[in-house]
Amino acid sequence: MTKRKALRTAFTVIVTLVLFVLLWEGYKWMGQQTEDHWPGTQFGLPVSTDDLTMPHASDIFNELTDEIRAGRETLPMTVYLAKKAAFTFLEAAIGFSLGVIVGLLLAIFMLRWRFAERGFLPWINVSQTVPLIALAPIVVTWARLQGYPDMVGISLIATYLTFFPVAVSGLRGLQSPDSSDVELMRSYAASWSSTLIKLRLPAARPFLFPAFKLAATLSVVGSIVGEISIGTKTGLGRAILDFAQRYAVWPERLYSSVIAASLLGLFVFGLVNAAEWLVIKRGREVLK
Amino acid sequence: MRENSENLEEAVSIRAADKVFNPDSDNEVQALLGINLDIKEGDFISLIGPSGCGKSTLLRLIADLLVPTAGQVKVFGKTANQARLDQDYGMVFQHSGLFDWRDVSANIELPLELKGWSKADRQARSREMLELVRLEEFKDHYPRQLSGGMQQRVSIARALSFEPRLLLMDEPFGALDEMTREHMQVELLRIWRETGTTVVFVTHSIPEAAFLSSKVVVLSPRPGRIHSEITVDLGDRTDQTRQDPKFFQATTEVREALRAVEAG
Ligand SMILES: Nc1ncnc2c1ncn2[C@@H]1O[C@H](COP(=O)(O)OP(=O)(O)O)[C@@H](O)[C@H]1O
Ligand SMILES: [Mg+2]
């Protein structure tokens, strides 16, 4: 990425953030003036604008810099959330890596054996319709019974969400080369595995990276849902759970933890973007 | 060396070859019927005929990318399968088929990589090949940064990198504009002379077939059969040759054969 492009991205992010805060505060201000009605009508606003439902953006921001008691120590909220996020990140990273491996292996398996594609693909699709809320306790209970730390179960839930886009896009990517490219490899008497390594996998990269981006954000979602459903001692899910219970007195705190979760999602997305740039774009921009 | 071609080995020999796609089904296609063809080593053969008459199919039989339904295909005295395993031929398609994640030299080195050559050997050979196709300055470029003609030259360099004795080309200049195309024809003849490779060239352009070939094989469609073989002798060809009455005569001969084919 060029410097100019990076600057432009940063600029867009800041402008979007400012616009969002303006919209939030504008809506809140309007609601306060009209007692939660659309101006000049009897129609109620979809979201009420009191300080409990919509705290001021500045209060949420202040909350982020305020101190919080965690056990015996007091820390700034940002540091507290960063620590929790680091833990969730680790779970998500393990889940993501496993999901990528499982997804790729499934894709290769379905590529190699057509009957596997016909037999597996419907089940892979069905797997994603099982509600996460139902699945999470099952997986986690299983992991606990095996004597594994909770992290294992949580990472497995993240894996469950991430393998899917990788397997589906991976299969499409592996099948993407033209038949003449495959014939070319045959003309070199290349083996099936050489064709996979020299042709199909590289050709699949433009299909895989969008799936990785989706998988990365899903791995964060999966980890947080996993943490919440088993009530771990740490992680962002724990923070969200704690703050949700105290929402009535301290709504800013729940909002700040939600912001932390989104930032973590953005962060993993950015990591995959950087990897993509390293792996397929670097030095290959088309000369005009 | 090409002079005493009588003594040279047969490069390709096809006997009574048939090809049926999807046999015994509703969409059965008799693509080729009773093909007999001999190609001498060092020859430049063009296959010409109306679209769908089986030119690509015939080329793929020689390449062992397809297996004949009946009959026999020999390449340098071996089965086509053995010749493919021995990598006796290189292949060039209409679309260069370069891998866009590999730069020019890495594309040329692909078949050498598959053969397990060392990096130093590969680099030395790809330099030679780039010299042969006159693209030395472009070795670090990616395919998308090259014009269609340049891409096709890289594709030729890749096909010749492991020094096969036979070059199979399926409408390699079909997607190029007329000027580039004529230039590439002259270049291909130069490469053919310099390397002594036997070439089988599929085209549907009459002047292209007449200009390039020592023999033009005219195919008739449904089912694909060999209609006639026209021997051409234009000697050393340059761009001037295109104004030569002998060239005019050769194109006329090919055109008349194709008219006869179309008339059925
Ligand atoms: N893989 C295939 N399956 C079924 N029919 C095919 C296949 N390849 C070619 N054909 C048919 O065989 C005939 C000859 O095709 P082809 O060799 O590609 O013709 P040409 O190259 O002369 O245009 C056509 O009728 C085509 O539709
Ligand atoms: Mg064809």
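Just the heavy atoms: all of them, side chains too, but no hydrogens, waters or symmetry mates, feed the values below. Numbered from 1 within each chain, the chains take letters A, B, ... in sequence-line order. The structure presented is a predicted model; accordingly, all values stated were derived computationally and were not measured.
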Next item on the list: Counting only heavy atoms closer than 4.5 Å, note whether L110(B) contacts chain A via side chain, backbone, both or neither.
Entry: side chain

Next item on the list: Over all heavy atoms of both residues, which pair between L167(B) and A159(B) is shortest? Give the atoms and the distance, please.
Entry: CD1-CB, 3.7 Å

Margin query: Between S229(A) and G226(A) (side chain of the first, backbone of the second, donor and acceptor by atom type, cut-off under 3.5 Å), is there such a pair?
Written below: yes

Check: Do you know which of P177(A), P202(A), A203(A) has the most heavy-atom pairs with chain B at a distance under 4.5 angstrom?
Finding: P202(A)

Check: Relative to each other, are the rings of F212(A) and F96(A) parallel, tilted or perpendicular (30° and 60° limits)?
Finding: perpendicular

Note to self: Strictly distance-based, threshold 3.5 Å: is any side-chain N or O of D86(B) a donor or acceptor partner for the main-chain N or O of D88(B)?
What the structure shows: no

Next item on the list: Output yes when R102(B) and E113(B) qualify as a salt bridge under the 4.0 Å nitrogen-oxygen rule, no when they do not.
Entry: yes

Next item on the list: Give a yes or no answer on whether the side chain of Q151(B) reaches the backbone of P143(B) with a donor-acceptor pair at less than 3.5 Å.
Entry: yes

Note to self: Under the rule for side chain to side chain contact (heavy atoms under 4.5 Å, CB included), what residues qualify as partners of S127(A), not counting sequence neighbours?
What the structure shows: Y160(A), F163(A)

Notebook entry, point to check: What parts of residues 127-135 of chain B touch chain A if we use heavy atoms and a cut-off under 4.5 Å?
Noted result: none

Report, one line per pair, each donor and acceptor closer than 3.5 Å where one atom sits in a side chain of residues 183-191 of chain A; sequence neighbours left out.
residue: E183(A); atom: OE1; partner: R60(B); partner atom: NE; Å: 3.1
residue: E183(A); atom: OE1; partner: R60(B); partner atom: NH2; Å: 2.7
residue: E183(A); atom: OE2; partner: R60(B); partner atom: NE; Å: 2.7
residue: R186(A); atom: NH2; partner: D64(B); partner atom: O; Å: 2.9
residue: S187(A); atom: OG; partner: L184(A); partner atom: O; Å: 2.7
residue: Y188(A); atom: OH; partner: R158(B); partner atom: NE; Å: 3.4
residue: S191(A); atom: OG; partner: S193(A); partner atom: OG; Å: 3.3
residue: S191(A); atom: OG; partner: S194(A); partner atom: N; Å: 3.1
residue: S191(A); atom: OG; partner: S194(A); partner atom: OG; Å: 2.9

Checklist line | Within residues 66-85 of chain B, residues adjacent to chain A where the heavy-atom gap is under 4.5 Å | finding: R84(B), L85(B)

Next item on the list: Answer yes or no: does atom CZ of R172(A) have more than 12 heavy-atom neighbours from other residues, nucleotides or ligands under 6.0 Å?
Entry: no

Notebook entry, point to check: Within the side chain of D177(B), is there an N or O that forms a donor-acceptor pair under 3.5 Å with the backbone of T180(B)?
Noted result: yes

